[in-house]
Each structure stands twice: as structure tokens, then as C-alpha cells.
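Atoms considered below: every heavy atom in the structure, side chains included; atoms not considered: hydrogens, waters and symmetry mates.
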Amino acid sequence: MNALLSGLSINHVVICGLALDFCVAATAEDAMRCGFRTDIALEACRGINADQSALLQKLRSNGITLSD
């Protein structure tokens with residue numbers, strides 16, 4: 001992902017999808033590690049677990065922006 005997006009001069013990604021607590025979170029964390037400004041569009045996500053509060057706090061503390 002890093003090489004493709006960097007090659008296209010992309011520096012900001014917005015992520016959404018199913019399994020917020022697995023696939024979406026992992027993709028967002030990878031994007032941050034690669035140096036991309038990273039947002040998650042929460043209104044376009046659904047988690048598997050009912051309570052996402054701990055996950056959302058972890059994502060915020062990692063510098064990921066959560067938008068409604």
C-alpha cells in the first residue's frame with residue numbers, strides 16, 4: 001500500500017468498512033505507521049463487538065482522526 005499511494009503523491013487516507021475492530025483498525029494503524037494522515041469515517045463503519053469505546057480511544061491515541 002505504501003509504495004502505491006506514495007507513488008501517486010497521496011498523503012491522506014480516509015478508511016471505512018465492516019469489522020471496524022479488525023480490518024478497518026488494522027488498515028488505519030498500518031497507514032499511520034507508513035506516515036499517512038489517517039481518518040476513519042465512523043458513519044461508514046460497523047464493528048463486530050458491541051462496545052467500541054476502548055478501540056476508539058486507542059485509535060485516537062495513535063493519531064488517527066475519527067469523523068462522524
Side-chain angles (χ1 to χ4, degrees):
M1 171 177 75
N2 187 19
L4 174 65
L5 296 178
S6 295
L8 295 170
S9 299
I10 293 172
N11 58 20
H12 178 212
V13 295
V14 178
I15 301 167
C16 64
L18 297 175
L20 170 65
D21 33 359
F22 293 96
C23 302
V24 175
T27 300
E29 290 170 338
D30 285 346
M32 283 296 296
R33 277 192 291 275
C34 289
F36 295 98
R37 190 176 70 160
T38 305
D39 297 357
I40 294 177
L42 290 177
E43 70 278 2
C45 296
R46 289 295 174 260
I48 294 172
N49 294 318
D51 183 6
Q52 299 291 322
S53 57
L55 171 68
L56 297 178
Q57 180 57 36
K58 177 186 172 198
L59 293 170
R60 282 187 191 100
S61 70
N62 286 337
I64 297 166
T65 302
L66 306 175
S67 60
D68 292 326

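Other members of a hydrophobic cluster containing L18 are absent, since no ILVMFWY side chain comes under 4.5 Å of it, directly or through relayed contacts.
In terms of the side-chain contact (heavy atoms from CB on, under 4.5 Å) criterion, residue partners of A41 (sequence neighbours excluded) are, by chain and number, V14, C16, E43, A44, S67. With sequence neighbours excluded, the residues that form a side-chain hydrogen bond (donor to acceptor under 3.5 Å, both in side chains) with D51 are S53. Applying the side-chain contact (heavy atoms from CB on, under 4.5 Å) rule to L4 yields the partners L8; only residues at least two apart in sequence or on another chain are considered. With sequence neighbours left out, T38 forms a side-chain contact (heavy atoms from CB on, under 4.5 Å) with V13, I15, A28, A31, M32, F36, I64.
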Derivation and outcome, side chain to side chain contact (heavy atoms under 4.5 Å, CB included), residues L20 and L56: CA-CA 10 Å; L20 170 65; L56 297 178; 4.2 Å; yes
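Among residues at least two apart or in separate chains, salt bridge (charged side-chain N to carboxylate O under 4.0 Å, His left out) pairs with a member in residues 56-68 are E29-K58. The salt bridge (charged side-chain N to carboxylate O under 4.0 Å, His left out) pairs that include a residue from residues 33-42 are D30-R33, where partners are two or more places apart or lie in different chains. Residues in residues 6-28 take part in no salt bridge (charged side-chain N to carboxylate O under 4.0 Å, His left out) pair, two or more places apart or across chains.
Using a 4.5 Å heavy-atom threshold, the side chains of L55 and N49 count as separate.
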